[in-house]
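Scroll down for the structure; my scribbles are underneath it.
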Amino acid sequence: ADSGDADVELPTSRHQPEGLEQLLARTKFTKTELQSLYRGFKTECPSGLVDEETFTLIYSRFFPQGDASSYAHFLFDAFDADRNGALCFQDFAVGLSLLLRGTEQQKLKWTFDLYDVNKDGYVTKEVTLRDTGGVVGSAQPDGDLPAPCVPQDMLEIMKAIYAMMGRCTEPALGASAPAQHVELFFQKMDRNRDGVVTFEEFLATCQE
């Protein structure tokens with residue numbers, strides 16, 4: 001047998017990776033590409049599993065000019081398909097295959113899911129304390145007083161992107177730049193003006 005095949009199928013100390021044949025069926029990578037990816041994955045993660053802290057450290061190397069920790073958190077969640085708090089090689093390979101070689105609709109769905117921070121099927125600008133049962137910040141307002149808002153979904157993502165880019169942005173952007181970006185996004189994407197963006201709205205606008 002090819003020594004590279006054995007490389008992919010050998011167990012590690014903590015996690016047994018999916019076999020090469022299964023990954024060939026689930027991804028659009030060749031055998032040689034999967035073997036190369038796996039060697040790199042094992043070098044960074046000898047145990048076969050990556051927790052969020054390790055993922056953030058690795059990802060942050062690519063953005064030394066800014067703080068990539070928040071955006072890395074969102075990316076980690078997007079790759080962690082089974083929501084178990086750790087990435088194995090198949091999580092990494094399947095996600096990377098989709099991003100690099102998936103269809104346009106698959107890539108857009110992945111991006112939408114990244115923006116959908118609370119995974120409710122919608123991209124929102126904000127959520128009120130009343131919507132969350134008053135668990136964020138101070139006590140829930142009484143009577144008809146407007147409930148204070150906390151940033152959600154799109155604004156959180158935009159803040160993370162701007163923080164990650166750091167001093168790369170020229171000219172330097174003010175603190176209001178992420179919120180302004182979100183407003184432009186919703187003006188374009190929220191077709192029925194109901195304050196949330198569905199995947200259908202997102203897809204239709206991106207494909208225009």
Side-chain angles (χ1 to χ4, degrees), residues 1-103 105-121 123 135 151-154 156-168 199:
D2 188 310
S3 62
D5 287 8
D7 239 9
V8 175
E9 302 193 80
L10 282 173
T12 61
S13 59
R14 287 175 51 198
H15 182 76
Q16 169 68 56
E18 201 167 289
L20 180 62
E21 293 304 318
Q22 292 96 317
L23 282 174
L24 281 169
R26 293 184 63 193
T27 69
K28 294 185 178 180
F29 291 125
T30 65
K31 180 172 76 171
T32 301
E33 288 171 333
L34 281 170
Q35 289 167 347
S36 177
L37 283 171
Y38 187 63
R39 281 192 288 271
F41 187 86
K42 280 205 305 183
T43 298
E44 293 287 353
C45 319
S47 70
L49 291 171
V50 186
D51 60 18
E52 185 173 335
E53 182 180 1
T54 304
F55 180 86
T56 299
L57 287 172
I58 295 170
Y59 188 75
S60 295
R61 294 178 196 165
F62 298 99
F63 299 93
Q65 75 283 352
D67 178 2
S69 57
S70 292
Y71 193 71
H73 166 74
F74 296 126
L75 272 185
F76 182 88
D77 279 352
F79 275 98
D80 184 17
D82 52 9
R83 300 280 182 268
N84 66 353
L87 301 184
C88 58
F89 179 66
Q90 52 260 42
D91 290 331
F92 173 70
V94 169
L96 197 60
S97 173
L98 187 152
L99 286 176
L100 295 178
R101 296 178 185 171
T103 65
Q105 184 159 337
Q106 286 173 328
K107 292 175 182 178
L108 288 172
K109 181 64 168 68
W110 191 93
T111 303
F112 180 86
D113 290 343
L114 179 69
Y115 289 156
D116 178 15
V117 174
N118 60 5
K119 309 306 177 195
D120 62 356
V123 176
V135 296
Q152 277 292 310
D153 282 5
M154 201 61 203
E156 290 297 284
I157 289 282
M158 282 301 130
K159 284 181 176 178
I161 291 172
Y162 278 87
M164 178 175 65
M165 297 310 294
R167 58 180 178 270
C168 275
F199 176 63

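Numbers here are sequence positions counted from 1. In this text, all values refer to a predicted model and were calculated from it rather than measured experimentally.
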**Item:** Listed once per pair and sorted, the salt bridge (Lys or Arg N to Asp or Glu O under 4.0 Å) pairs that draw on residues 64-78, sequence neighbours left out
**Value:** none

**Prompt:** Hey, are the side chains of Lys119 and Arg83 touching, using non-hydrogen atoms and a 4.5 Å cut-off?
**Reply:** yes

**Prompt:** Nearest heavy-atom pair of Val123 and Asp116: which atoms, and what distance?
**Reply:** CG2-N, 4.1 Å

**Message:** Please enumerate all residues that pass ring pair (Phe, Tyr, Trp, His ring centres under 6.0 Å) together with Phe199, with sequence neighbours excluded.
**Reply:** Phe112

**Prompt:** What are the two closest non-hydrogen atoms of Ala86 and Leu49, and how far apart are they?
**Reply:** CB-CD2, 4.4 Å

**Request:** Not counting sequence neighbours, which residues clear side chain to side chain contact (heavy atoms under 4.5 Å, CB included) with Thr56? List them please.
**Result:** Glu52, Ser60, Ser69, Ala72

**Asked** Does the side chain of Phe29 come within less than 4.5 Å of Leu96's, by heavy atoms?
**Response** yes

**Residues which pass side chain to side chain contact (heavy atoms under 4.5 Å, CB included) with Leu98, listed by chain and number, not counting sequence neighbours** = Gln106, Trp110

**Request:** Sequence neighbours left out, what passes side-chain hydrogen bond (donor to acceptor under 3.5 Å, both in side chains) with Lys109? Give chain and number order.
**Result:** Asp113

**Request:** Compare all side-chain heavy atoms of Leu99 with those of Phe79 and state whether any distance is below 4.5 angstrom.
**Result:** yes

**Prompt:** Does a side-chain heavy-atom distance below 4.5 Å link Thr54 with Leu57?
**Reply:** no

**Message:** So, using ring pair (Phe, Tyr, Trp, His ring centres under 6.0 Å) as the criterion, who are the partners of Phe41 when residues are at least two apart?
**Reply:** Phe89, Phe92

**Message:** If the condition is side-chain hydrogen bond (donor to acceptor under 3.5 Å, both in side chains), which residues does Arg61 pass it with, not counting sequence neighbours?
**Reply:** Glu44

**Request:** State, yes or no, whether a side-chain contact exists between Phe63 and Gln65 at a heavy-atom distance under 4.5 Å.
**Result:** yes

**Request:** Please identify each residue that fulfils side chain to side chain contact (heavy atoms under 4.5 Å, CB included) with Thr30, with sequence neighbours left out.
**Result:** Thr32, Glu33

**Item:** Contacts of Ser36 that satisfy side chain to side chain contact (heavy atoms under 4.5 Å, CB included) - sequence neighbours left out
**Value:** Arg39

